[in-house]
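Scroll down for the structure; my scribbles are underneath it.
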Amino acid sequence: MALEVRTARDEDREAMHHVGQQGFAARPADYDEKSDRSATPLDRRLVAVEGERIVGRLAVWELGQWFGGRQVPMGGIGGVAVAPDFRGKGVATALLHQVVAAMRERGEVLSTLYPMNHTLYRRHGWETAGSYPEQRLDLRALTALPKPSRQIDIRPTAEGDLLALSRLHEDVSRDEPGNVFHGSAFAARRLLGYAGIQEGYVAETDGAVTGLLILTRSDAPKGDQGFYTLSINQLVAADLDSELALLRLVAAHYPVAREVTLVAPPHAALTTLLGERDLRPAGQGWSWMTRLVDAAGAVAARGYAPEVDVEIHLDIDDSVAPWNAGPHVLRVKDGQGLLEAGGRGDVRLGIGRLASLYTGWAAPRRLARLALLPGAGEQDLLGLDRAFSSRTPWSRDFF
């Protein structure tokens, strides 16, 4: 029987949940309709069907990512799962090919995901393009943080805070390459916290929202003296005083909890306030992968340094999205980027390699030393570096 890939329907909800549990859960959980209906809308989910059976699924969050100070429309792929007896039969491939076309139709010029299988996604045009710098911290270190220099009020989040929190998140994230811009459905789930599962707190300065903290409690590891551990799911602050006030709230859980995990890049304020060994890498070493769904649209959407003036002739390989493939000329000038079909095709690269350059993750010279940019001359490498180089791209949002 032929495999069909289609948009999910309301009657597919429990079957999609079952396939997802087969893919990710050690102890499958019962279907939670309330949680499911507050997640990705059905018109942004795909299912693979053989006969009447759903054998694969994925979802695409409506998101964006900040590059060069501009918000680039991005489809955040999550929950890719295939029934065990259908793995290795092209189900994931069929889903990914269909979703690339669907994202292009919606104007999502980028796609980003957190991979369980790098080989699968790399084969279809995604490439490692940014970090998820998860850190582990002994809560005792937070108890020594200085007090804010002015009055910061802390209270639980409320539904009416969503707009102000979205604006705060956007203001804090726009200058951090790779940080995620939240679509409406994603924002509601990530900026208010899950009732009964997470704790959400707002920092206010003179009545204005200036910080957000979302916390999750988990069982303490075996042998740990604490009753639970903490995870910081969101920590955004407009200024140091607001961040200190929120971190001191986290510290107030000590000694009942002994440890907290959080996502923090090397330049975060917290790293300048703690000892050099207080913050240690944690988690599973996640990095995210990105694909240029519409390469020309992606180049036009991001920002560039106004002094950059380069022209580079590329030959792009993309077997999934033929609209990206072939010779193209990349031009960056006056803070604008343009990718047009044509030119000499000097520098040969796959669409995934171009994505890793686009985000600023990959250094052109390093790729050239590894023979991953055939045809690139000195001026090409210099031009690619000038166009895309930035602080290391990272994201505080996992999806």
Side-chain angles (χ1 to χ4, degrees), residues 64-75 100-101 103-104 107-112 122 124-130 174-175 177-178 288-393:
Q65 275 182 291
W66 295 98
F67 293 108
R70 295 182 189 164
Q71 188 256 115
V72 182
M74 182 267 281
V100 168
M103 287 187 291
R104 186 192 185 210
E108 293 159 346
V109 297
L110 294 183
S111 174
T112 292
R122 186 169 285 127
H124 298 296
W126 280 263
E127 187 50 82
T128 304
R174 68 171 63 250
D175 293 324
W288 34 272
M289 301 181 83
T290 290
R291 186 192 214 290
L292 303 186
V293 173
D294 178 348
V299 166
R302 63 158 292 163
Y304 304 87
E307 67 274 12
V308 174
D309 185 353
V310 299
E311 177 178 299
I312 306 160
H313 291 246
L314 307 175
D315 187 3
I316 304 170
D317 179 30
D318 191 342
S319 59
V320 176
W323 52 86
N324 291 329
H328 285 76
V329 182
L330 170 67
R331 296 184 178 91
V332 177
K333 188 175 181 178
D334 298 328
Q336 303 294 323
L338 182 68
L339 185 69
E340 291 184 303
R344 300 187 304 268
D346 297 336
V347 183
R348 302 186 300 279
L349 74 174
I351 193 68
R353 196 70 60 207
L354 182 57
S356 68
L357 290 166
Y358 174 94
T359 69
W361 176 256
R365 292 186 186 280
R366 186 178 303 122
L367 294 181
R369 284 199 298 271
L370 297 173
L372 296 175
L373 282 181
E378 178 62 25
Q379 289 304 308
D380 298 315
L381 297 177
L382 184 60
L384 288 168
D385 189 62
R386 285 176 174 168
F388 297 127
S389 109
S390 71
R391 198 160 55 203
T392 301

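For residues 318-336, every residue pair satisfying the salt bridge (Lys or Arg N to Asp or Glu O under 4.0 Å) rule, not counting sequence neighbours, is listed here: Arg291-Asp318, Glu311-Arg331, Arg331-Glu340. Within the structure, salt bridge (Lys or Arg N to Asp or Glu O under 4.0 Å) pairs that include any residue of residues 292-301 do not occur (at least two apart or interchain).
Remark: Thr359 pairs with no residue by the side-chain hydrogen bond (donor to acceptor under 3.5 Å, both in side chains) rule, at least two apart or across chains. Partners of Ala341 according to the side chain to side chain contact (heavy atoms under 4.5 Å, CB included) rule, which considers only residues two or more places apart in sequence or in another chain, are His328. Checked against ring-ring contact (aromatic ring centres under 6.0 Å, His included), Tyr304 has no partners two or more places apart in sequence or in another chain. Take Asp175 and apply the side chain to side chain contact (heavy atoms under 4.5 Å, CB included) test, not counting sequence neighbours, and it matches no residue. Here Glu108 pairs with Arg44, Arg106 under the side-chain hydrogen bond (donor to acceptor under 3.5 Å, both in side chains) rule; sequence neighbours left out. Under the rule for a side chain to side chain contact (heavy atoms under 4.5 Å, CB included), the partners of Thr128 that lie at least two apart in sequence or sit in another chain are His118, Arg122, Ser287, Met289, Trp361. In terms of the salt bridge (charged side-chain N to carboxylate O under 4.0 Å, His left out) criterion, residue partners of Arg174 (sequence neighbours excluded) are, by chain and number, Glu170. Taking the side chain to side chain contact (heavy atoms under 4.5 Å, CB included) definition, one finds that Ala298 meets it with Val109, Leu110, Leu292, Tyr358, sequence neighbours left out.
With hydrogens and angles ignored, the 3.5 Å screen pairs no side-chain donor or acceptor of Trp323 with any backbone N or O of Ala295. Under a 3.5 Å cut-off, the side chain of Gln65 and the backbone N or O of Val72 do not form any donor-acceptor pair.
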List, one per line, each side-chain donor-acceptor pair under 3.5 Å for residues 365-375, sequence neighbours excluded.
unit_1: Arg365; atom_1: NH1; unit_2: Glu378; atom_2: OE1; d: 3.2
unit_1: Arg365; atom_1: NH1; unit_2: Glu378; atom_2: OE2; d: 3.2
unit_1: Arg365; atom_1: NH2; unit_2: Glu378; atom_2: OE2; d: 2.5

Donor-acceptor pairs under 3.5 Å, side chain of residues 346-353 to any protein atom, not counting sequence neighbours: which ones?
unit_1: Asp346; atom_1: OD1; unit_2: Arg344; atom_2: NE; d: 3.4
unit_1: Asp346; atom_1: OD2; unit_2: Arg344; atom_2: NE; d: 3.1
unit_1: Asp346; atom_1: OD2; unit_2: Arg344; atom_2: NH2; d: 2.8

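Considering every non-hydrogen atom in both Ser390 and Gly360, the closest pair reads OG-CA, 4.1 Å. The two residues Pro327 and Gly343 come nearest to each other via the heavy atoms CB-O, 3.9 Å. When all heavy atoms of Ala129 and Ser356 are compared, the pair lying nearest together is CB-CA, 4.4 Å. Residues Leu339 and Leu314 approach most closely at CD1-CD1, 4.3 Å, considering heavy atoms. Closest approach of Pro364 and Leu381 over heavy atoms only: O-CD2, 3.7 Å.
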